[in-house]
Structures are given as C-alpha cells and as structure tokens.
Student: 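Submitted below is the structure of interest, expressed as structure tokens.
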Number of protein chains: 2
Amino acid sequence: MKRKITLKQIAKELDVSISTVSKALRNSVEISEDTRQKVQAFAKLYNYRPNNIALSLKNRKTKTIGIIIPEIVHYFFSKVITGIELVANKRGYNVIVGLSNESFDKEVINMQMLANGSIDGFILSISKETLQQQDYHHFLETINQGMPIVMFDRVVNEIPCDKVIVDDVKGAKKAVEKLVSSGCKNIAIITTKDYVSVGKLRTQGYLEALEDHKMHPEASMILKIEDKLLSDDDLDKLESEIEQLFKSNKSIDGIFAVNELYAVTAIKVARTLGLEIPKSLQVVSFTDGVLSKHSTPSLTTVSQHGQEIGEKAADLLINRLEMDEDNEEEEETFETVVIETNLIERESTK
Amino acid sequence: MKRKITLKQIAKELDVSISTVSKALRNSVEISEDTRQKVQAFAKLYNYRPNNIALSLKNRKTKTIGIIIPEIVHYFFSKVITGIELVANKRGYNVIVGLSNESFDKEVINMQMLANGSIDGFILSISKETLQQQDYHHFLETINQGMPIVMFDRVVNEIPCDKVIVDDVKGAKKAVEKLVSSGCKNIAIITTKDYVSVGKLRTQGYLEALEDHKMHPEASMILKIEDKLLSDDDLDKLESEIEQLFKSNKSIDGIFAVNELYAVTAIKVARTLGLEIPKSLQVVSFTDGVLSKHSTPSLTTVSQHGQEIGEKAADLLINRLEMDEDNEEEEETFETVVIETNLIERESTK
DNA sequence: TTTCAACACGAAAACGTTTGCGTTGCCCAA
DNA sequence: TTGGGCAACGCAAACGTTTTCGTGTTGAAA
C-alpha cells in the first residue's frame with residue numbers, strides 16, 4: 001500500500017526543491033525543458049495529483065458547494081440535486097449534501113458543520129419546521145460571514161440571497177384552469193397547511209383561478225393537510241380526511257392536489273366510492289414525478305422542472321462565488337429566477 | 001460582512017500567542033485559569049469555530065465520506081443515502097455525493113475528483129457500464145492508495161473491500177414462491193441483461209425457485225431487458241417487448257419483475273390485453289418503492305431495506321477508518337454483510 | 001578582465017490548526 | 001547567593017500547496 005505521493009517526495013527522489021517540482025508540473029518557464037520533462041514523467045509514473053485539502057487551505061476556497069434539503073427520498077428534491085451536480089461538476093465543483101429531515105435543529109447543525117470552511121456556499125430549501133418557527137438566524141449569520149446562499153422552492157423573502165422558484169400561483173392556476181376547461185364545475189383542492197410556502201401559494205392560485213371563472217370557492221372544498229414526514233399512519237389519516245371531503249361534498253367533479261401523493265391517494269379513495277377517473281372525477285396534481293408517469297391512470301400534472309431549478313441554482317451560486325474574486329465590494333443585488341411550469345396532460349383528465 | 005475569525009486574529013486582539021489561544025480553547029492545563037476564561041469568552045463572542053480544512057490538512061483526515069452512485073432519482077439509492085447520512089452524521093462525518101449516471105467515465109472522473117484528499121473513504125454502487133466493461137482498475141487503485149471502499153448492491157467479488165448486499169437469489173425465490181403458492185402455473189420473469197449483477201442473481205433465484213417446484217423454466221418466459229437510463233423511448237420499447245411476451249405466451253398467470261417499473265409497466269400492458277390483476281395475472285416486483293406502495297393495484301414486492309443497507313455500509317466504512325488509526329498493519333480481512341429481504345404482500349397477488 | 005542580463009533553481013511565507021518543547025519569571029529551599 | 005522546580009506562555013514544525021523573491025551560475029557584451 002503506497003500512500004498518495006506528494007510534491008515533497010517527488011522533490012526528494014529527483015533531488016530538486018519542492019518549488020521546482022511545483023513549477024515544473026505547472027509548466028512554468030522558469031524551469032528548464034529538461035527538468036520539466038523529468039519531473040512530469042516521474043509525476044505521471046506515480047500518478048501524482050495535488051492534494052485538494054492543501055489547495056483549499058491555500059486558496060481559501062474549497063470548490064465544493066453544500067446542499068441542505070429536507071429529504072432526499074423525494075422525486076423533486078433528487079431531481080434538483082441531479083441538476084446541481086450536473087453544472088457543479090461541469091464547472092469543477094463538488095457537492096456535499098446534508099439532510100434536515102424537515103427539522104429545524106438538524107438544519108442548523110448541518111449548516112454549522114459545513115460553514116466552517118468545508119464549502120464555499122449553500123444551496124438549500126427550507127425545512128417545514130423552520131418555516132413554521134420563522135427563525136432564520138442561521139441563514140442570516142452564514143450570509144453575514146460572507147458565505148453566499150441560494151434558496152430554491154421553499155424560500156422566504158426576508159433573506160438577502162438569490163432564489164430559484166417556480167411560479168406556484170401560476171402553476172396552480174394552470175392546473176385549475178385545465179379542470180375548468182374540461183368541464184369541471186365543482187373543484188376541490190387538497191393542499192398543505194399555510195406555513196408551507198409553496199402550499200400556500202398553490203392554494204392562492206387555486207382561489208384566483210376560481211375567481212377568474214366566477215366560481216365561488218367554498219371552505220368545505222379546501223382540504224388542508226398537516227403533513228409532517230409521511231409515515232404509514234399519516235397515510236391512513238390522509239385517506240380518511242380525503243374520504244370525508246368526498247362524502248361531505250358529493251358534487252365534486254375535479255380535484256387539484258398540490259402533490260402527487262395527495263393525487264393518487266385521492267384517486268384511490270374516489271374509486272372505493274365508485275367514482276370513475278376521468279369520467280366522473282378529474283384530477284390534476286403538482287410535481288411531475290414517477291407516480292404521475294407510471295400509476296394508472298397516469299396523472300395530469302404541473303411539471304416543476306426540478307433539474308432545471310437545480311442547474312439554475314448552481315449557476316447562480318457559482319457565478320456569485322467567482323464574481324466575488326474580481327470586484328469584492330460592488331453593492332450586492334440579488335436575483336430571483338422563476339422557472340416556468342407547464343402542464344402535462346395525461347389520463348386523469350378528459 | 002465579517003469574515004470568519006481565526007486563532008491568529010484572536011491572538012492578536014488579546015495580545016497572546018496563537019498557541020496560547022489554541023490551548024486555552026481546548027482547556028489545556030498549561031494555560032492559567034484567567035487567560036482561559038478570557039480567550040473562551042472572546043471566542044464565544046465572535047463565534048469562533050476551527051477551520052475544518054486546516055484541521056483536515058493537519059490530521060490527514062477529512063471526516064467526510066464519498067458516495068458514488070449511478071443515479072439519485074431512484075427510490076432505492078436515495079434510501080441508501082438517507083441511511084448513510086444518518087449514521088455518518090451521528091458519528092461526526094459529512095457526506096459528499098457524486099453521480100456516475102451509469103457511465104464508466106463519469107465514475108472514474110468522480111472518484112479521481114474525490115480521491116485527492118477530499119474524503120477518507122468511499123461508499124459506492126457500480127455503474128452498469130462499468131459492470132459491462134468489467135474494468136475495475138479505478139477501484140483497485142484507490143484501495144491501493146490506502147483509501148477504503150465499501151460497495152453495496154451492485155458489487156463484484158474480485159475487489160478487496162467490505163460489501164453490503166441483499167440476498168438477491170433468496171429474495172427472488174421468495175417472490176416466485178409467493179406466486180407459486182398463490183396458484184400460478186406459468187410464471188414469467190422480466191429482468192435485465194446478465195451483466196447487471198443483481199439482475200443476474202434475481203434471474204437465478206427465479207430459476208431455482210421454479211426447479212424447486214418441478215416447474216420447468218422456458219426460455220420464452222424469460223424477458224431480458226437492455227436497460228440503459230430510462231428515457232421515454234425506452235419506455236415505449238419496454239411496453240412493446242412486454243406485449244410481445246404476453247402475446248407469445250398466452251398462458252402466463254404470474255409475473256416476477258426485477259424492479260418496480262417493469263412491474264407497473266407489465267400491469268399496464270396486461271390490462272390493455274384484458275387481463276385482471278390479481279385475478280387472472282399476479283405480479284410480484286423487487287424494490288419496495290413509492291410505485292409499489294401507491295400505484296393501483298399496489299404491488300406485492302420484495303423489500304430491500306435500502307436505508308438499512310446505507311446504515312450498515314456507513315458503519316463498516318467508519319469502523320475501518322477508525323480502526324486504521326490503532327493497528328495499522330494487521331492483515332486485512334473483509335466482510336460481506338447480507339441484509340435480509342422480506343416479502344410485502346399487497347394487492348397484486350391473491 | 002569586468003559587468004550584466006538571462007537562466008535555472010531554491011528559500012520562505014502563507015493558508016489555519018495542533019502540539020512538543022523551549023523559555024521565561026518567580027518562589028522557595030539549601 | 002545559588003539552584004531547582006513549577007507555572008504560564010511562546011516558538012516552531014508539520015500537514016501540502018503556490019508564489020514571490022532572492023541567489024548562484026553562465027555566457028556574452030563592453
């Protein structure tokens with residue numbers, strides 16, 4: 001077992017100084033053609049690669065970006081990571097991930113673990129607990145220490161950073177309008193409690209769409225789910241709440257669900273109640289994930305383009321990291337990029 | 001914007017030496033109670049945290065582990081990551097991920113990016129292309145450089161490292177036996193080409209189970225899919241191949257699919273051909289993912305316990321990392337841990 | 001023969017830590 | 001008065017790089 005070789009060892013073997021080796025490898029003109037050849041050959045033979053940690057220390061930048069997301073077993077988030085990793089790698093960066101598990105404490109801990117030099121900047125989506133507590137000091141502190149953050153999907157305005165979001169309101173309107181134009185007269189929504197920013201916005205889009213069409217939203221048609229992490233118990237609860245929704249509103253002929261799981265669960269429940277999809281009930285969901293594509297019937301959904309969001313977020317972050325080098329102190333101005341959603345029509349609507 | 005504070009700055013402010021500060025913070029007895037208090041107060045005030053990179057360089061260990069997986073938008077792999085991250089964090093490690101995208105080149109590049117000091121060890125699952133080419137030099141080289149690897153799920157025997165796998169043969173047998181005991185007489189398998197190690201093993205389990213029950217496997221009942229990354233075109237191809245399978249074997253009453261997607265696609269195709277699930281066709285799949293749980297009918301599946309695999313892999317790796325410290329040169333002996341699968345019965349079987 | 005540039009290379013600092021050891025200053029015993 | 005010992009602290013090396021600034025040697029011009 002040969003340990004990784006260092007400049008020092010090469011220098012010793014070849015009886016030159018460390019600096020000579022370093023320069024030779026970087027093709028400095030200071031070094032004679034002869035020694036350059038010799039050093040490079042030797043380095044190649046022993047498969048020399050500069051130690052990343054040493055470089056990070058010297059350059060005061062690690063070329064890695066930290067991702068903090070609530071969970072990873074989740075189509076949208078993993079798509080985003082794919083996008084981040086794609087452009088990060090292309091631009092010479094690595095990606096280190098931390099999971100908050102929707103917990104405030106884990107979010108804070110994770111950020112502290114990474115903010116001590118391990119990374120150059122963050123890309124993150126806020127945990128539900130943090131959104132609920134509205135405690136954002138950890139974000140503000142890391143920004144204050146000169147470490148840029150890019151937020152995506154679940155964002156809050158009061159934090160000075162770049163953001164990448166989808167237009168949830170508009171996307172929800174598209175969904176509801178599809179239902180309207182397909183003949184639905186009584187459209188219900190299955191959404192989350194309001195502290196989840198995207199849930200709130202999608203609810204808002206639902207309401208706006210209804211009003212645009214002179215349809216009056218009724219409180220009883222709005223089902224707000226308290227969704228923590230989905231355990232099996234929660235699933236049962238979800239089903240019974242949805243069943244309640246159908247039973248107390250017999251006239252429902254359209255459902256807008258803010259995520260796939262709510263949609264397939266609604267379909268499942270509806271079927272046990274004798275409703276046919278899409279004949280007597282049409283369904284549109286948010287997030288074009290694996291369930292939408294492959295369940296039966298396949299779901300008409302609003303696609304969020306998670307990968308694109310990730311790519312954009314990474315580009316924004318890296319741009320800012322590499323801009324800082326040049327003009328350190330131009331006044332900072334932050335960008336909020338909106339990724340367009342689009343409706344993908346499948347079998348759950350007419 | 002205040003940059004992160006360092007020992008040097010604290011030392012300067014307090015007019016002591018760097019070493020005094022360092023020792024004071026670590027509660028060394030060399031330092032008087034007085035200065036200790038003073039330094040610690042100051043450090044707390046300015047929220048001092050030791051720079052991770054500097055520590056990594058000094059200690060020659062980074063306390064981060066590298067994960068290389070084929071893709072992340074994948075229930076099983078993301079479950080594994082969850083498990084890894086869980087125990088890694090608990091034991092003070094970070095996790096940095098690279099995606100090979102099932103490509104040999106990206107796998108190699110990614111490993112090189114990380115093997116230069118950024119991490120202490122790898123946890124990985126081999127890409128399909130690598131399995132196909134059977135070129136494992138990059139694994140052997142990093143192991144030779146003293147960097148331990150733990151492989152999971154897709155492994156090859158010839159590499160000296162710890163491994164965490166499920167018993168694919170046994171799991172497949174469980175699946176097929178369930179079909180047999182539920183009355184299936186003609187069981188087909190939808191699997192991958194043989195170079196995918198887990199596909200091959202599951203096929204083997206299928207064959208063994210049939211033989212155990214004196215049922216004679218026919219070549220026409222074995223559909224081996226060439227599965228690259230799933231694009232929409234591939235999905236069409238998959239459907240038509242499955243349709244072909246049904247049409248040329250009218251007697252099929254049971255399907256064992258080596259992954260969820262094959263299973264739901266088979267069900268979809270079967271339905272268009274007028275088959276009822278589970279009445280006239282029963283289906284069992286591998287991987288207990290989101291499709292199995294939430295599609296209709298829900299799928300009877302063999303659960304792989306991805307999170308457990310991840311947890312075990314992380315424990316193995318960290319154990320080895322921290323063992324190395326003590327007894328550097330005991331002869332190395334590697335472990336292969338088998339995580340038990342279990343069959344989860346749902347609606348797609350009787 | 002002297003001088004000076006070009007050439008080829010080495011020394012050392014710096015990035016931020018930790019730690020073994022040397023160095024003070026002081027007190028007390030001999 | 002001397003010396004020993006202890007308490008409290010600083011120096012410097014080390015981790016592996018890169019880079020600035022010397023420094024020595026050569027050859028050629030004056």
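Chain A is the first sequence line, chain B the second, and so forth, proteins listed ahead of strands; every chain is numbered from 1. Only heavy atoms go into these numbers, but all of them, side chains included; no hydrogens, no water, no symmetry mates.
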Student: Measure CG/A:N116 against P/C:dC15 and give the value in whole Å, please.
Tutor: 18 Å

Student: Any Lys/Arg nitrogen of A:E335 or A:K312 sitting under 4.0 Å from an Asp/Glu carboxylate oxygen of the other?
Tutor: no

Student: Please name all residues satisfying salt bridge (Lys or Arg N to Asp or Glu O under 4.0 Å) with A:E158, sequence neighbours left out, ordered by chain then number.
Tutor: none

Student: Measure from NZ on A:K58 to C1' on D:dG16 and round the result to the nearest Å.
Tutor: 11 Å

Student: The test is side-chain contact (heavy atoms from CB on, under 4.5 Å); show your working for A:R36 and A:Q40 and say whether it passes.
Tutor: CA-CA 6 Å; A:R36 240 188 294 172; A:Q40 295 192 4; 4.2 Å; yes

Student: To the nearest Å, give me how far apart NZ (B:K61) and P (D:dA14) are.
Tutor: 20 Å

Student: What integer distance in Å separates B:R60:CZ from D:dT17:P?
Tutor: 11 Å

Student: Do B:H138 and B:T130 touch side chain to side chain, with heavy atoms closer than 4.5 Å?
Tutor: yes

Student: More than 12 heavy atoms of other residues, nucleotides or ligands under 6.0 Å from CG of B:N27: is that the case?
Tutor: yes

Student: Salt-bridge test for A:E102 and A:R154: reply yes if a basic N is under 4.0 Å from a carboxylate O, no otherwise.
Tutor: yes

Student: For A:L57 and C:dC15, what is the distance between atoms CG and C1' respectively, to the nearest whole Å?
Tutor: 4 Å

Student: Measuring only between side-chain heavy atoms, which start at C-beta, is A:Y46 closer than 4.5 Å to A:E13?
Tutor: no

Student: If you look at every strand shown and take non-hydrogen atoms under 4.0 Å, does A:L55 touch a base, only sugar-phosphate, or nothing?
Tutor: sugar-phosphate

Student: Using whole Å, report how far CG of A:N51 lies from P of D:dA14.
Tutor: 17 Å

Student: Check DNA chain C against residues 40-50 of chain A and give the residues with a non-hydrogen atom under 4.0 Å, in numerical order.
Tutor: none

Student: Hey, could you give me the CZ/CG distance between B:F152 and B:D162, rounded to the nearest 0.5 Å?
Tutor: 14.0 Å

Student: Between A:K8 (NZ) and C:dA12 (C1'), how many Å, whole number?
Tutor: 14 Å

Student: What is the separation between atom CG on B:N52 and atom P on C:dT18, rounded to the nearest whole Å?
Tutor: 11 Å

Student: What residues in residues 13-38 of chain A put a non-hydrogen atom under 4.0 Å from any atom of DNA chain C?
Tutor: A:V16, A:S17, A:S19, A:T20, A:K23, A:E30, A:I31, A:S32, A:T35

Student: Test B:E141 against B:Q145 for side chain to side chain donor-acceptor pair (under 3.5 Å), laying out the working first.
Tutor: CA-CA 6 Å; B:E141 274 169 19; B:Q145 305 212 333; over 6 Å; no

